[in-house]
Number of protein chains: 2
Amino acid sequence: MTLTKNTFIGEYSYSLDSKGRINMPAKFRQALSKDNKNTFVTTRGMDACIWVYSLNQWLEIEKSLMSLSSLSKIHRTFVRNTARYATPSTYDKQGRITIPPSLIDYASLDKDVLIIGMVNKMEIWNTKNLEKAEKEALEIDLAAYDELAEKITI
Amino acid sequence: MTLTKNTFIGEYSYSLDSKGRINMPAKFRQALSKDNKNTFVTTRGMDACIWVYSLNQWLEIEKSLMSLSSLSKIHRTFVRNTARYATPSTYDKQGRITIPPSLIDYASLDKDVLIIGMVNKMEIWNTKNLEKAEKEALEIDLAAYDELAEKITI
DNA sequence: TAAGATTGTGGGTAGTTGTGGGTAATATCA
DNA sequence: TGATATTACCCACAACTACCCACAATCTTA
């Protein structure tokens, strides 16, 4: 069952094969609307993982980037680092995309890989690295959650 | 007789079968409005149980998550931990949903299972675990209820 | 109370999904 | 240009899931 178009939730464990391919969760593929042309866009995440957008979602980001002015140094840097590592990738008949070697390296991907739905994108993690990151996350100052409590009710 | 749309109250005892399915109380199914598409969303609860939302209720949460920015580390962590364990599940002709193995493990579900209405969601417990948790709850400092008294009239 | 409808539980099966590997087309480089 | 590496596309198969039917227990209603 798919919720909203182009949104992703849930956790899925897959394996990166010898050819650098990773399966995309069937549910995520089904969540894509047709104008995404079976294509995802991979790029560096802000944590040690790969971010994967639907084509449409990425086009939205491109639009935002265009609104930044190259007169500002910080804007130039931000646009450069965001656009630089982005790679569109169409999945094959079995539903796999090929991950560029530089991204495999960046996220230290090994055989065991975890894909996590982040609503408007997904993340690809080395399973072991994520466990480490999660432990650190627990050490985050809980007071920081107060800010969130004002925005979100669960 | 159903009270309000999309709200759940009461306690029901069911069994988890060998295929990981649990029946949803008929009353809860009837409480769903049509645009829920016979779908619930399961995820980790804050206690050792599974939380089950109606599709609509979950979509509200998704909306909140989308308002958070991935530039903030704490926001990323929160979105990840919230979206990660969520799984939409449409009930079959008999009214059962399939619980993902990871959640069965998280809540230590056994054959005997208790479903509890929590108004805007429900909880699925291992019957024995709930008894234990209940005993501990009795030991809560009753002074803590003072805080609640300011928010709630019963 | 009896007949019918609804509810909860078990299990079979066809279709889907994830993974490995082969081969032909394309790109790279000396 | 020709040898080599890389990529895109194809097939095969095991494991899993969604969907279907059956039936006993319970509830409803006349």
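No hydrogens, no waters, no symmetry mates; every other heavy atom, side chains included, goes into these values. Quick caveat, the model's predicted, so the values are computed rather than measured.
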Donor-acceptor under 3.5 Å (A/Thr43 side chain, A/Trp51 main chain): no
More than 12 heavy atoms from other groups under 6.0 Å of CD1 on A/Ile74: no
Residue mapping more 5' on DNA chain D - nearest nucleotide basis, A/Pro101 or A/Lys27: A/Pro101
Touch class at under 4.0 angstrom, heavy-atom based, for B/Ser15 against every strand present: sugar-phosphate
Protein-nucleotide distance (A/Asp112, atom CG; C/dG18, atom C1'), rounded to Å: 14 Å
Residue closer to the 5' end of DNA chain C, B/Lys111 versus A/Ala26 (nearest nucleotide): B/Lys111
Donor-acceptor pair, side chain of B/Arg80 and main chain of A/Ile116, under 3.5 angstrom: no
Which nucleotide in C/dT19, C/dG20, C/dT9 has an atom nearest any side-chain atom of A/Asp17: C/dG20
Between P of C/dT6 and OH of B/Tyr91, the distance in whole Å: 15 Å
Between B/Tyr12 and B/Phe28, ring centroids under 6.0 Å: yes
Option passing side-chain hydrogen bond (donor to acceptor under 3.5 Å, both in side chains) with B/Tyr91 (candidates B/Thr39, B/Asn38, B/Thr98): B/Asn38
Main-chain N/O of B/Asp112 paired to B/Thr127 side chain as donor or acceptor, under 3.5 Å: yes
OP1 or OP2 of C/dT17 under 4.0 Å from side-chain N/O of A/Gln30: yes
Whole angstrom value for the distance that separates P of C/dG18 from CD1 of A/Ile97: 13 Å
Integer-rounded Å distance: C/dT9 P and B/Tyr12 OH: 14 Å
Listed nucleotide nearest any side-chain atom of A/Arg29, set C/dG18, C/dT9, C/dT19: C/dG18
Backbone of B/Lys19 reached by a side-chain donor or acceptor of B/Asp17 within 3.5 Å: yes
N/O contacts under 3.5 Å, protein versus nucleotides 9-15 of chain D?
residue: D/dC10; atom: N4; partner: A/Gln94; partner atom: NE2; Å: 3.2
residue: D/dC11; atom: N4; partner: A/Gln94; partner atom: OE1; Å: 3.3
residue: D/dC11; atom: N4; partner: A/Gln94; partner atom: NE2; Å: 2.9

A/Met24 CE - C/dG18 C1' separation (whole Å): 12 Å
Nearest-Å distance for atom pair CG/P, residues A/Leu16 and C/dG21: 14 Å
